[in-house]
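These numbers were taken from a predicted model, which means no experiment stands behind them. Naming: A, B, ... by sequence-line order, numbering from 1 per chain.
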Amino acid sequence: MTALLKPSPLNADPAGPTPAAPAPAAAAPLISAESVTKRFADGPAVLDGVTLAIRRGERVALLGANGAGKSTLLRALVGLIPITGGAVEILGQRFTRQPTARQRATLRRRLGFVFQFHGLVGRTSALSNVVNGAMGQGHGWRSWHQSLAPAALRDAALEALEAVGLADRATARADTLSGGQSQRVAIARAIVHGPDLLFADEPAASLDPAAGLDIMRLFTRLAADQARTLVYTTHDMRHALEHADRIVALKAGRVVFDAAATDLSERDLEPIYRG
Amino acid sequence: MTALLKPSPLNADPAGPTPAAPAPAAAAPLISAESVTKRFADGPAVLDGVTLAIRRGERVALLGANGAGKSTLLRALVGLIPITGGAVEILGQRFTRQPTARQRATLRRRLGFVFQFHGLVGRTSALSNVVNGAMGQGHGWRSWHQSLAPAALRDAALEALEAVGLADRATARADTLSGGQSQRVAIARAIVHGPDLLFADEPAASLDPAAGLDIMRLFTRLAADQARTLVYTTHDMRHALEHADRIVALKAGRVVFDAAATDLSERDLEPIYRG
Amino acid sequence: MADTTSSRPPTSGPAASRPGARDIARWPRLTPLRFTLLVAAGAVLLASIGDVAPSADRLIGAVPRMGSLLERMLPPETDPAFLGRMGLRLVETLQIALVGTLFGILLSFPLAWLSAAGLSPLGRLRWLARGTVSLFRTVPDLVWALFFVSAVGLGAIAGTLTIIVDTAGFCGRFFAEAMEDSDKRPREALEAVGARKLDILASAVVPQCMPSFVNTSLFALELSVRSSVVLGIVGAGGIGQELKSAFELFQYPKASAIILAIFVIVLVMEQLTDWLRRRLG
Amino acid sequence: MADTTSSRPPTSGPAASRPGARDIARWPRLTPLRFTLLVAAGAVLLASIGDVAPSADRLIGAVPRMGSLLERMLPPETDPAFLGRMGLRLVETLQIALVGTLFGILLSFPLAWLSAAGLSPLGRLRWLARGTVSLFRTVPDLVWALFFVSAVGLGAIAGTLTIIVDTAGFCGRFFAEAMEDSDKRPREALEAVGARKLDILASAVVPQCMPSFVNTSLFALELSVRSSVVLGIVGAGGIGQELKSAFELFQYPKASAIILAIFVIVLVMEQLTDWLRRRLG
Amino acid sequence: ADAIKIAVTDIEGLEALQSEFGPFEAALEKSTGLDIELFPVGNRTAAVEAINAGQVDLVLTGPAEYVVIKELTDARIVVGWQRPDYFAQVVTLADGPIRRVQDLKGRAVAFGSVGSTSQHLGPAQALTDLGLVYGQDYEPKIISRNVAIEALIRGDIAAIGMNYSHLQRAREAYPDVAFTVVARGRDLPNDILVARADADPAAMDKIRKAFVENGKSLLAAVLKGEDNQKYKGGFFLATVEDGDYDYVRSMYTTIGVDGFKNFVGN
Ligand SMILES: Nc1ncnc2c1ncn2[C@@H]1O[C@H](COP(=O)(O)OP(=O)(O)OP(=O)(O)O)[C@@H](O)[C@H]1O
Ligand SMILES: Nc1ncnc2c1ncn2[C@@H]1O[C@H](COP(=O)(O)OP(=O)(O)OP(=O)(O)O)[C@@H](O)[C@H]1O
Ligand SMILES: [Mg+2]
Ligand SMILES: [Mg+2]
């Protein structure tokens, strides 16, 4: 599980936007959302004026009841769904409705995203799914399938699978994996290219307690040793309290809580889930 | 949330196999598995001689690391996948490889099942999905869609959605629901017909803490007031320790732990997840 | 939610006690426009059915007449010389169909991608690709045959080209449909890490669509073999021409022998489709 | 897992340090049998291509000849009397196609269900349903037309019946494929609570397959409109007959006008398909 | 009484019907006093089956089809439909290598449609009459007329069998191509209106009478469309006999088809 803590070989391009050393301190936040609003069709506002600033190297836990808008917020921040109002600046790219194609390409190169429903390609192997995670890195067709991948990428993928403890199921078809195994493949896919920013939507939901803790520790090391920024949602208080720097809570699409994690207790978070 | 604790109107048929009062005590167990073995194709044994007996009215929490075989065991017990060895007797139906069509029909009428990946029909409404849960109850085409359902069934479905706290999203298309909302629909679908036996595969995985607790309480009431039997898997220690009567743990397809939940602590369970 | 029905008069029945039960429409709301459209569509359909659908009593009493036709077709011709020639034609046809379908599939794959909603790199211009595929289908075989014969002359090559166009017109549409209908979640997951459209196609869409591609492709091959006209019109012979002549010269037993042979081929291809699809899971 | 490579000699390169990296085959293992089959298939294909595929130099120099052909077809005939008659034939054709396709779809739906692997209530006997669908396709239109003509006489009814059979042969296969390829998880979820096969079909399969059904059905309708032979064979007129006689009499401008009209209809149907599929999401 | 059903198979007649269905049908109804229904049928096999199954009363068809119908069912001639200049030709390019029929030896000759009188049987017979043996001296190919002309221009085939009006049409469609005729058959027997054996004799008589007596006005109805001028100068003949078609029977023998015994069910 150590290799991922070195700068990924796939990401070592010196001209690239990922200097191994932390960026000049106190720079502009890595992500800032300004009164972001989102409604689907003519439904109610799912995000309702969300304002947020996340700095490089932070680990932010995003809490909220079911349906509070966590997944929607993560999607909106990276431009996977167009926002209805407000503006987002992320990894230096600023957009209002949706990022332009160029902005998308630039920002997503540096991004990892773990989806709540995993979003694995069922008919290919776990390893191929992980290899696919490096698609933004300019490998072209060589990131389509594990059998096409250059050795370095394959190794990185295997390494990522090892990091999530699933190297022994690398060749299994993704749709034969158990819930937790599938979740791990999704995580491995999101970290294989050493992203600067990792969005993870309930990355530990299907994991057993030990595996969940491993993932939290992995996240911590990514943040500490390499100033990678982490934003994850979770319903596990302990994962938020013990492994995040900051806790942001949503309630019905509004930010109702934004504080450092230290010195908070479960009690302080309970109101988030109350009627 | 109270109505579900009465015998479901859909299940009140006096000739039916569900007397409201508990069955004669100390009868044969409701579920008994005898050295059940399962391997997929020529892979390793995923279940490896699982022997188990569950009595009427018990709440059993099934624990185990990711990939231990929990989901496979639940599927095998109801005959959704053929078992490779051993025998199962469930709700009075005994089978070795797979139940016969007749056995299936008899046992599944009395069954509810929450799947780990929910298994909702994405293009129909949450309510229709719940209505579908009553398909084994002889409604014929009237359980195909909410618009066809008889009033009693529709009401039962709405009631089930209320019980899981999702009545306000009843008409939303299932594929627009959030992770936790989708999970709740799956639970509502499994309880709408008042099953004698409820299998739930990580029913609280995507739920927020308050909702998870609600579901656990719902389960407890189902078991206590109506002698419904509950078997659920979970990765949440507290859900197992505080809300189950008995804890069974699997490790690499074998039962490694089978004890009453009282007087156990998290510490006792930790070895389950260790290498 | 709890209050939405509070201002309404109380209603009886089991649903009345639970607010919300009455709020959920059983059917989509019937606006005047929808109603008008529905009635209009119904009227057109009924009128058409009245005009052209068979009435029950005409169908009764038809059975013996159909039986006599069948009698004249059976037993199929078994003259060895004829069977030999037929076998030869079948092999010829299969060869041309195989090559034509293969190239047709290769051509329709990019066309399908370019015309698939949500996947096409062309954006709004994807209708250009769709239009091309539609044009391939609309222009009759005979016209394609004219073009190709005047381009490359009579014979198998013109037949192959015609089959290529036919296949592209068919597969282009069904491939696109399969691509569009593929699960959106893996696509989104790859999009999120900066995959290009082509990457998403190759990694998230194609693996999912393989069973459907197999089905469509083997159907296209079957179609090419069955297509009784194409090869005949360009003078490339083929089993279709043989079948047509048999009919025009009223040699029904020969015709039924040919149909049987094609049926066997179709069944074999069905088995192949089944087997391939099972392998792909 | 950690030990699987320990007995092998150490290899250099970045993968060597991580056991397992070398264990993962890049490609499926090449058994002798597979190799032989692969080589054989390749040889057959190459031979066929050599026989029938067009060579590049034959295609060059063909362009001017094709241009002259196009010139003869353009501009399309615009004589109002002709256009009026064509419009009439088009409406006729559309009517018959509509009814025939509708009944064909109604017929193919149960056939598709009965023949879909994993969904059919017939179990192993599902090949009977599949065989029926294949037979519908294999028996040529002409033969169906002969049957129906001798059963119900010449005219629109025989045409409708032929289109019904055509549609069933086509939709029966593609509906079955869509059903088979639908997501297995909702199916399993309903199976677990005792749903019968028909319930699973209605609730878990059909909603998922709707977009695909729409596509296939509207394609079948398009096919029925385009099909240039069926209606003519049974004396039901139709635009196909009109097109055929235009060609036989070398009235190319008329033919191109008809083709254009059909193309417009096809495009409209494409739009309709698109719209319906978008509405279904 | 039920309507009298008439199937029309011949392509030129068919086009006439399609463009001018109404006037002709009305004229026929008027002069016979019968209820008439016309079906333009694009395929001769279907027409034969229709009359065989008793589903139509009359078929307006060409000589080749008549011979088949006659052999299968005991159909009766009602009236001949004479078409002026109805003969088969073997057409080639005026500036091509074919100058005489003998030049066709060893070459490919295209025929438009299997079993068609003027496109297959007629031209093949013409060549036979001039000393070329079908299938031996030249290679017969069945290729649709449209395609065949393209192939002729390219030089893939040496000649095409077609009838006189086809050639006129082709000349219109290909104004820059010079066609020439190297062989011409004798005038073909007439198109013919045949009745199935058990058709109502009274009605058949009426129809025959109408064609003979009101031939001019019926023809005028057909000729209403400017496209149908090819029928100009035609006559309806009540004197046609089965023997007139022996020439066609010999044509079938020429292309190697000896009767239609199979068809009758043994
Ligand atoms: N495509 C959509 N169309 C309509 N409504 C949607 C759509 N996607 C999400 N929603 C609604 O938006 C709300 C927020 O959804 P979201 O998935 O962001 O919740 P969440 O906070 O992630 O919840 P969970 O903890 O259950 O995952 C929910 O009520 C959901 O039903
Ligand atoms: N269809 C299948 N084919 C092959 N292997 C399978 C299949 N289904 C499950 N497995 C394997 O069987 C093992 C047990 O899977 P199962 O889903 O039962 O685990 P689980 O205990 O439910 O884990 P989790 O907590 O992650 O849900 C896993 O290693 C999984 O990869
Ligand atoms: Mg979520
Ligand atoms: Mg599981």
At their closest point, which heavy atom of [X] faces which heavy atom of [Y], and how far apart are they?
| X | Y | value |
| --- | --- | --- |
| C/Val149 | C/Ala158 | CG2-CB, 4.1 Å |
| C/Ser224 | C/Thr101 | OG-OG1, 3.0 Å |
| C/Ile163 | C/Ala97 | CD1-CA, 4.1 Å |
| D/Val225 | D/Met269 | CG2-CE, 3.9 Å |

Ignoring hydrogens and geometry, is there a side-chain-to-backbone donor-acceptor pair from [X] to [Y] under 3.5 Å?
| X | Y | answer |
| --- | --- | --- |
| C/Ser217 | C/Phe213 | yes |
| C/Ser120 | C/Ala117 | no |
| D/Ser182 | D/Met179 | yes |
| D/Glu180 | D/Ala116 | no |

### Task
May I ask you to name which of D/Leu267, D/Val139, D/Leu146 has the most heavy-atom pairs under 4.5 Å with chain C?
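Among D/Leu267, D/Val139, D/Leu146, the one with the most close pairs to chain C is D/Leu146.
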### Within residues 127-137 of chain C, residues adjacent to chain D where the heavy-atom gap is under 4.5 Å
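Near chain D, by residue number: C/Arg130, C/Gly131, C/Ser134, C/Leu135, C/Arg137.
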Supply the atom-to-atom distance [X] [atom1] to [Y] [atom2], rounded to the nearest 0.5 angstrom.
| X | Y | atom1 | atom2 | value |
| --- | --- | --- | --- | --- |
| C/Thr138 | D/Ile258 | OG1 | CD1 | 13.5 Å |
| D/Glu270 | D/Leu218 | CD | CG | 9.5 Å |
| D/Leu106 | D/Ile164 | CG | CD1 | 9.0 Å |
| C/Leu90 | C/Ile265 | CG | CD1 | 4.5 Å |
| D/Leu161 | D/Ile96 | CG | CD1 | 11.0 Å |
| D/Phe147 | D/Thr162 | CZ | OG1 | 11.5 Å |

Who wins among [options] for the most heavy-atom pairs under 4.5 Å with chain D?
| options | answer |
| --- | --- |
| C/Pro211, C/Ser212, C/Gly159 | C/Ser212 |
| C/Ile262, C/Val266, C/Asp181 | C/Asp181 |
| C/Thr216, C/Asn215, C/Ile259 | C/Asn215 |

### Query
For D/Tyr252, is it the side chain, the backbone, both, or neither that has a heavy atom closer than 4.5 Å to a heavy atom of chain C?
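Interface part for D/Tyr252: side chain.
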### Query
Does any heavy atom of chain C fall under 4.5 Å from the side chain of D/Leu142, the backbone, both, or neither of them?
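The answer is the side chain of D/Leu142.
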### Query
Which residues, numbered in order, of residues 170-177 of chain D come under 4.5 angstrom of chain C by heavy-atom distance?
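The stretch touches chain C at D/Phe170, D/Arg173, D/Phe174, D/Glu177.
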### Message
With a strict 4.5 Å heavy-atom criterion, list every residue of residues 271-278 of chain D that contacts chain C, or say none.
### Response
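Hits under 4.5 Å: D/Thr273, D/Asp274, D/Arg277.
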#### Entry: Parallel, tilted or perpendicular: rings of C/Trp144 and C/Phe148 (30°, 60°)
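Ring orientation of C/Phe148 relative to C/Trp144: parallel.
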### Task
Go through the structure and list residues passing side chain to side chain donor-acceptor pair (under 3.5 Å) with C/Ser115, not counting sequence neighbours.
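For C/Ser115 there are no side chain to side chain donor-acceptor pair (under 3.5 Å) partners, ignoring immediate neighbours.
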### Task
Check whether C/Glu222 gets within reach of chain D through its side chain, its backbone, both or neither, counting any heavy atom under 4.5 Å.
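It is the side chain, since no backbone atom gets that close.
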